[in-house]
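Here the structure is a predicted model, which means the values were calculated and not measured. When a ligand or atom number is given, it counts from 1 through the structure's own listing order. The first residue in the sequence is number 1, and the count goes up from there.
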Amino acid sequence: MTISRTGGRCDIAIVGGGIVGLATAYSLLRRDPRQKLVVLEKEAQVGAHQTGHNSGVIHSGLYYKPGSLKAKNCLEGYAKLLQFCRENEIAHEVCGKIVVATSQSELSQLEMLYQRGLANGLDGVRRLDADEIKQLEPHCAGLAGLFVPQTGIVDYSAMVNCLRDQVANLGGTVLTNQTVAEIQSRDETVRIASNSAEFVADRVVTCGGLHSDRLARETDRDLDLRIVPFRGEYFELEPEARHLVKNLIYPVPDPNFPFLGVHFTRRIDGTIECGPNAVLAFAREGYRKTDFSVRDFSQTLAWSGFRKIARKYWRTGLGEYRRSFSKRAFVRALQKLVPEIQAKHLRPCGSGVRAQACSRDGLLLDDFEIRTNGRVTHVCNAPSPAATASLAIGDSIAELVLGDKSH
Ligand SMILES: Cc1cc2nc3c(=O)[nH]c(=O)nc-3n(C[C@H](O)[C@H](O)[C@H](O)COP(=O)(O)OP(=O)(O)OC[C@H]3O[C@@H](n4cnc5c(N)ncnc54)[C@H](O)[C@@H]3O)c2cc1C
């Protein structure tokens with residue numbers, strides 16, 4: 001029996017054709033191209049969700065706790081990503097970024113970031129005073145800052161399409177329009193049922209992004225985390241205002257919510273993106289404010305961990321909603337970094353939804369989380385910088401899966 005749209009027998013099945021799933025498939029096939037491998041993606045094309053809606057930044061590894069999976073995989077993945085882009089002629093640029101403190105109260109956190117950068121082994125990170133900030137970004141106001149030379153920008157959609165082609169060249173099969181609804185672990189094999197076919201595999205890896213918890217629950221009914229979706233909305237600078245930003249300008253992150261804080265990002269196509277904010281999404285793939293899914297929203301509300309977070313941080317959440325519904329509030333947040341920005345310089349330019357894992361105890365899981373249950377490995381939490389880190393994550397999952405297979 002061969003693998004086809006109507007199902008079949010394979011060595012490894014990967015659920016999810018985002019950058020993590022395809023990087024995993026690529027790594028597995030590079031190690032052993034004789035494997036019969038299939039990637040099952042529910043959309044009509046790969047990279048349709050987080051991977052295709054992100055900021056396009058190649059993160060340096062500055063922020064992450066030394067020793068964490070994020071720090072390790074971001075640094076390793078950074079080098080692998082640059083090599084992959086060079087070999088495959090994917091548009092990218094290492095342009096550097098600045099992180100800017102705009103109030104005295106942020107200075108200690110800025111210094112902590114600097115020390116973290118050193119601890120993570122980043123070469124060339126340097127402190128900036130107000131004049132040095134102006135030399136790099138003439139329209140940026142800040143008391144002090146950091147310059148991070150390693151940060152870059154890339155076209156992640158081009159990268160994920162290239163990974164899909166590489167997987168096919170190595171003999172893998174990428175099937176789209178295949179929504180996996182059931183995963184059943186048996187003694188010797190795993191049965192996977194999609195909307196239209198049934199597959200039997202020796203090993204399964206799920207990389208479901210916004211649906212990672214649902215896929216993980218297929219083999220672990222007591223799973224102690226759930227995905228809470230947060231929509232991030234962007235504006236872009238009108239062409240006449242693009243001169244206000246050269247590269248990437250970030251605020252000092254709030255240690256409780258490192259993913260909050262609107263910033264400026266030059267994209268690889270030359271446009272300047274502003275944002276994103278982060279508001280609770282009422283649908284896991286809810287890219288518009290009005291998108292609502294009864295199933296998704298009721299599952300979020302039913303999760304005790306989410307209710308604990310909501311009780312604790314409702315004020316922060318309201319601030320993000322204010323920036324979602326009021327362009328003025330969004331502009332005010334941007335003006336902290338670049339005071340000349342005005343509402344007329346901004347036009348809406350889409351959104352992305354982050355898959356944020358939340359524990360039963362009410363913690364937003366910061367680190368990557370990968371769990372193995374018998375023959376099935378689940379990527380449960382792969383938030384930013386998982387696009388940067390994807391090739392390293394793929395390699396470590398491949399080691400895990402092939403290592404297991406040889407036993
Ligand atoms: C707004 C935003 C900005 C970001 N900016 C950056 C950045 O600048 N740099 C960076 O490194 N990271 C960034 N990230 C994070 C990064 O984009 C993600 O960590 C990364 O894309 C995760 O990849 P993934 O493959 O796990 O998930 P996804 O790209 O979401 O892919 C998961 C795939 O699984 C499929 N799937 C789900 N359920 C099923 C099922 N039942 N059957 C079949 N298929 C299924 C989905 O359709 C989807 O294609 C950002 C994220 C967001 C949302």
Side-chain angles (χ1 to χ4, degrees), residues 13-25 38-61 63 70 73-74 77-78 81 97 151-157 159-160 163-164 174-183 192-195 199 204-218 227 229-234 248 250 259 262-263 265 267-268 273 275-279 281 284-285 287 350-357 368-370 378-394 397:
I14 294 185
V15 183
I19 201 161
V20 174
L22 283 161
T24 303
V38 62
V39 178
L40 302 170
E41 165 54 48
K42 73 182 169 65
E43 303 296 344
Q45 79 262 4
V46 298
H49 290 295
Q50 295 178 95
T51 302
H53 287 88
N54 69 23
S55 302
V57 176
I58 309 172
H59 287 293
S60 62
Y63 298 115
K70 273 191 178 177
N73 286 284
C74 187
Y78 175 90
L81 180 146
K97 81 167 176 185
T151 303
I153 50 178
V154 65
D155 181 348
Y156 281 118
S157 293
M159 181 167 161
V160 82
L163 279 167
R164 175 204 56 204
V174 180
L175 298 179
T176 50
N177 297 312
Q178 294 284 337
T179 304
V180 170
E182 254 179 75
I183 303 175
I192 308 154
S194 78
N195 52 324
F199 302 85
V204 171
V205 182
T206 71
C207 309
L210 287 152
H211 302 277
S212 63
D213 56 339
R214 289 178 177 156
L215 290 166
R217 286 191 74 210
E218 286 295 309
I227 290 297
F230 286 95
R231 190 177 54 255
E233 296 151 330
Y234 294 98
L248 286 78
Y250 277 59
F259 57 89
V262 291
H263 49 263
T265 308
R267 296 191 62 101
I268 201 75
E273 200 178 72
N277 57 357
V279 293
R284 293 202 182 194
E285 290 159 10
Y287 295 100
S351 65
V353 184
R354 291 168 198 273
Q356 174 61 57
F368 299 150
E369 183 84 27
I370 297 169
H378 298 289
V379 176
C380 294
N381 196 37
S384 184
T388 306
S390 53
L391 292 167
I393 299 175
I397 297 175

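- By the 3.5 Å distance cut-off applied to N or O atoms, Thr179 is not counted among the residues near ligand 1.
- Considering both main-chain and side-chain atoms, His53 never comes within under 3.5 Å of ligand 1 through any nitrogen or oxygen pair.
- For ligand 1, the atoms sitting less than 4.0 Å from at least one non-hydrogen atom of Glu43 are 47 (O), numbered in the order shown with element in parentheses.
- Remark: ligand 1 and Tyr234 share no N or O pair separated by less than 3.5 Å (distance only, no angle test).
- Remark: ligand 1 atoms within the under-4.0 Å shell around heavy atoms of Ala386 are 19 (O).
- A pairwise comparison of heavy atoms in Asn381 and Pro383 identifies C-CD, 3.4 Å as the closest pair.
- Scanning the protein for heavy atoms near atom 13 (C) of ligand 1, the closest one is Ser384 OG, 3.5 Å.
- With a 4.5 Å cut-off on side-chain heavy atoms, Ile370 and Ile393 count as touching.
- The two residues Ala387 and Leu81 make their nearest non-hydrogen contact at O-CD1, 4.0 Å.
- Here the side chain of Glu43 pairs no donor or acceptor atom with the backbone of Gln45 at under 3.5 angstrom.
- For ligand 1, the atoms closer than 4.0 angstrom to any heavy atom of Leu40 are 43 (C), 44 (N).
- Looking at Glu182 and Ile192, their side chains never come closer than 4.5 Å, going by heavy atoms from C-beta outward.
- The shortest distance between side-chain heavy atoms of Val174 and Leu22 falls below 4.5 Å.
- Annotation: Ala48 places no N or O atom under 3.5 Å from an N or O atom of ligand 1; distance criterion only.
- Distances between N or O atoms of Val57 and those of ligand 1 include at least one value under 3.5 Å.
- Looking at Arg214 against ligand 1, nothing comes within 4.0 Å, counting heavy atoms.
- No option in Val57, Ile268, Ile19 other than Ile19 meets the side-chain contact (heavy atoms from CB on, under 4.5 Å) test with Tyr156.
- The pair Glu285-Lys42 counts as a salt bridge, with a side-chain nitrogen and a carboxylate oxygen less than 4.0 angstrom apart.
- One N or O on the side chain of Gln50 and one on the backbone of Ala355 form a donor-acceptor pair closer than 3.5 Å.
- The protein heavy-atom contact nearest to atom 49 (O) of ligand 1 is Glu41 OE1, 2.7 Å.
- In this structure the side chain of Glu369 never reaches within 4.5 angstrom of the side chain of Ser212, judged on heavy atoms.
- Summary of contacts: the protein heavy atom closest to atom 34 (O) of ligand 1 is Gly16 CA, 3.3 Å.
- Scanning the protein heavy atoms around atom 27 (O) of ligand 1, the nearest turns out to be Gln50 NE2, 3.4 Å.
- Any N or O atom pair closer than 3.5 Å counts here, and Val180 shares at least one such pair with ligand 1.
- A heavy-atom distance below 4.5 Å is found between the side chains of Glu273 and Ser55.
- In terms of protein heavy-atom proximity, atom 44 (N) of ligand 1 is closest to Lys42 N, 3.2 Å.
- Here atom 32 (C) of ligand 1 lies nearest to Cys207 when heavy atoms of Ser351, Pro229, Ala389, Cys207 are compared.
- Using a 4.5 Å heavy-atom threshold, the side chains of His211 and His49 count as separate.
- Of all protein heavy atoms, the one closest to atom 22 (C) of ligand 1 is Ala382 O, 3.7 Å.
- Inter-residue side-chain proximity for His263 and Pro276 is flagged as met; some heavy-atom pair is nearer than 4.5 Å.
- Ligand 1 has an N or O atom lying under 3.5 Å from an N or O atom of Ser55, backbone or side chain.
- When heavy-atom distances to ligand 1 are checked against a 4.0 Å cut-off, Pro383 comes that close only through its backbone atoms N, CA, C and O.
- Side-chain atoms of Glu218 and His378 form no donor-acceptor pair, as typed in the model, at a separation below 3.5 Å.
- An N or O contact shorter than 3.5 Å links Thr51 to ligand 1 by distance.
- Under a 4.0 Å heavy-atom criterion, Tyr156 is in contact with ligand 1.
- At the shortest separation from atom 37 (C) of ligand 1 among protein heavy atoms lies Gly208 O, 3.3 Å.
- At the top of the distance list for atom 52 (C) of ligand 1, counting protein heavy atoms only, stands Arg354 CG, 3.9 Å.
- Under 4.0 Å from ligand 1, the heavy atoms of His211 that appear belong solely to its side chain.
- The option with the heavy atom closest to atom 53 (C) of ligand 1, from among Ile19, Leu22, Asn54, Val353, is Val353.
- Within ligand 1, the atoms closer than 4.0 Å to a non-hydrogen atom of Gln178 are 42 (N), 43 (C), numbered from 1 in the order shown.
- The aromatic rings of Tyr287 and His53 sit parallel, their planes meeting at an angle under 30°, below the 60° perpendicular limit.
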